[in-house]
Colleague: 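What follows is a single structure, and I will ask about it in a moment.
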Amino acid sequence: MTASSPSASRAASKRYHHGDLGPALLKAAEEELAENGTESFSLRAVAKRAGVSHGAPAHHFGDAKGLLTALAAIGYDRLIAVQEARQATAAPDKTSQLIAIGLGYVDFGIANPALFRLMFSSEKPDRSDEAFAASSLAAFGKLVELVQAEVGADPYSDAAAMKDVVASWAMVHGLADLILSGRIERLMGLSQLPQDETDAILTDILLRPIPR
């Protein structure tokens, strides 16, 4: 009996309680996304990968857009966790903390290229979804908070401070994207360097748009 047969799918479904089928589908969705991208992404492929019935993903997430939206929202939560891990090992001064979330942003992008592109570049997620909006706003809020501490002005009420936010975001996002595309590798050979040397180079780059 093959793993894709109805009996096998029913047996596989029984392995999951209602509370852990969702996470299992999200894990399968991320694996499917990483291997095949968004263009061929389907609920059927996710269900097959998870070893559950074809209807299970639709029951939890509605459609492929709903599943990708949920996955992207979780991606922002994970991005924040990576940034906070960087902050925990950085010096407590304002500039070091701002650089730390930038390095965390790059760390996350390098470790999760397909998810990173889904979160920031794809039209697939529903950006009006409540969970997605909350998670993405929380990630943006970290940048706003640290830029505000750096420049001493609220970006939401000070146009110059918001320009500083956008400049910082553009720098770190562009840096992550250039690394993922391999363009910086050809110029600097970062993958051949020890992590501390790579961090020093990236830190020097990220410091450049920070107001002094």
Side-chain angles (χ1 to χ4, degrees), residues 69 71-122 125 127-212:
T69 299
L71 181 60
I74 290 173
Y76 282 105
D77 296 336
R78 285 165 50 185
L79 167 61
I80 291 172
V82 173
Q83 290 177 313
E84 290 179 345
R86 277 285 192 173
Q87 287 181 276
T89 61
D93 64 276
K94 295 175 293 186
T95 300
S96 295
Q97 288 292 299
L98 182 56
I99 291 299
I101 68 165
L103 292 174
Y105 193 103
V106 173
D107 289 343
F108 178 84
I110 292 172
N112 306 276
L115 182 56
F116 182 81
R117 293 188 175 105
L118 174 69
M119 292 159 57
F120 292 106
S121 306
S122 176
R127 298 181 184 275
S128 67
D129 176 78
E130 185 175 343
F132 180 97
S135 294
S136 60
L137 186 58
F140 183 66
K142 285 188 72 65
L143 176 59
V144 170
E145 177 185 352
L146 289 170
V147 169
Q148 181 173 345
E150 184 73 30
V151 304
D154 181 359
Y156 288 114
S157 59
D158 185 287
M162 185 54 77
K163 290 177 184 177
D164 292 330
V165 169
V166 174
S168 295
W169 188 13
M171 172 63 81
V172 73
H173 186 84
L175 184 57
D177 192 61
L178 287 169
I179 291 172
L180 288 177
S181 69
R183 286 169 171 78
I184 285 184
E185 180 63 26
R186 290 196 291 270
L187 297 173
M188 295 183 171
L190 295 180
S191 67
Q192 307 303 314
L193 299 176
Q195 186 64 50
D196 59 342
E197 290 186 29
T198 298
D199 286 352
I201 291 171
L202 297 182
T203 296
D204 186 46
I205 293 170
L206 293 176
L207 279 169
R208 292 172 184 265
I210 294 178
R212 306 302 180 98

Colleague: List the atom of F132, the atom of A73, and the distance in Å for their closest heavy-atom pair.
Modeller: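 Minimum heavy-atom contact is CA-CB, 3.7 Å.
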Colleague: If you define the side chain from C-beta out and look only at heavy atoms, does anything of L202 sit under 4.5 Å from I179?
Modeller: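 Answer yes - side chains close enough.
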Colleague: Quick check: do N112 and L79 have side-chain heavy atoms less than 4.5 Å from each other?
Modeller: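 No. Closest side-chain heavy atoms not under 4.5 Å.
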Colleague: Nearest 0.5 angstrom please: I80 CD1 to R78 CZ, how far?
Modeller: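 Between I80 CD1 and R78 CZ, I get 12.5 Å after rounding to 0.5 Å.
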Colleague: Got more than 12 heavy atoms from elsewhere within 6.0 Å of CD, Q195?
Modeller: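 Buried by this count: over 12 neighbours within 6.0 Å.
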Colleague: Can you check whether V165 reaches F140 side chain to side chain, under 4.5 Å on heavy atoms?
Modeller: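 Side-chain contact under 4.5 Å: yes.
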Colleague: Is it the case that the side chains of S135 and D77 hold a donor-acceptor pair, with the cut-off being a distance below 3.5 Å and no angle test?
Modeller: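 Yes, side-chain donor-acceptor contact under 3.5 Å.
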Colleague: Taking the side chain as everything from C-beta on, heavy atoms only, tell me whether L118 gets closer than 4.5 Å to L115.
Modeller: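 Heavy-atom side-chain distance check passes, below 4.5 Å.
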Colleague: Check whether any side-chain heavy atom of L143 sits under 4.5 Å from a side-chain heavy atom of L98, and report yes or no.
Modeller: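 Side-chain contact under 4.5 Å: yes.
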Colleague: Measure the shortest side-chain to side-chain distance between Q87 and L146 over non-hydrogen atoms and say whether it is less than 4.5 angstrom.
Modeller: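 They are in contact (side-chain heavy atoms under 4.5 Å apart), so the answer is yes.
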Colleague: Looking only at heavy atoms, what is the nearest atom pair of V151 and A161, with distance?
Modeller: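 Residues V151 and A161, closest heavy atoms: CG2-CB, 4.0 Å.
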Colleague: Taking everything shown except M188 itself, do over 12 heavy atoms lie less than 6.0 Å from its CE?
Modeller: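 Result for CE/M188: open.
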Colleague: Just how far is it from atom CD of E150 to atom NZ of K94, taken to the nearest 0.5 Å?
Modeller: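 Those atoms lie 6.0 Å apart.
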Colleague: Could you go through V172 and L103, starting from their C-alpha distance and side-chain angles, then the distance that decides it, and tell me whether this counts as side chain to side chain contact (heavy atoms under 4.5 Å, CB included)?
Modeller: CA-CA 8 Å; V172 73; L103 292 174; over 6 Å; no
Colleague: When rounded to the nearest 0.5 angstrom, what is the spacing between OG1 in T95 and CG in L207?
Modeller: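 Interatomic distance, T95 OG1 to L207 CG, rounded to 0.5 Å: 7.0 Å.
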Colleague: What I'd like to find out is whether the side chain of Y76 reaches to under 4.5 Å of the side chain of F120, using heavy atoms alone.
Modeller: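 Yes, at least one pair of side-chain atoms sits under 4.5 Å.
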Colleague: To the nearest 0.5 angstrom, please state how far the CG atom of L206 sits from the CD1 atom of I101.
Modeller: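 Result: 10.0 Å between the selected atoms.
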Colleague: Kindly compute the distance separating OH (Y156) from CD (Q148), expressed to the nearest 0.5 Å.
Modeller: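 Y156 OH to Q148 CD: 9.5 Å, rounded to 0.5 Å.
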Colleague: For the pair K163 and D158, evaluate salt bridge (charged side-chain N to carboxylate O under 4.0 Å, His left out) and give the outcome as yes or no after the intermediate values.
Modeller: CA-CA 9 Å; K163 290 177 184 177; D158 185 287; over 6 Å; no
Colleague: Between OG1 of T69 and CE of M119, what distance do you get to the nearest 0.5 Å?
Modeller: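 If I round to the nearest 0.5 Å, the distance is 12.5 Å.
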Colleague: Give the minimum heavy-atom separation between I110 and L180, together with the two atoms involved.
Modeller: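 Looks like CA-CD2, 3.7 Å.
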Colleague: Taking it one step at a time, do H173 and V106 satisfy side chain to side chain contact (heavy atoms under 4.5 Å, CB included)?
Modeller: CA-CA 8 Å; H173 186 84; V106 173; over 6 Å; no
Colleague: Which pair of non-hydrogen atoms, one from F116 and one from G109, has the smallest distance, and what is that distance?
Modeller: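 Smallest heavy-atom distance, with atoms named: CD1-CA, 3.6 Å.
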Colleague: Taking the side chain from S96 and the backbone from P92, do they hold a donor-acceptor pair closer than 3.5 Å?
Modeller: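 Side chain of S96 to backbone of P92, a donor-acceptor pair under 3.5 Å: no, none is there.
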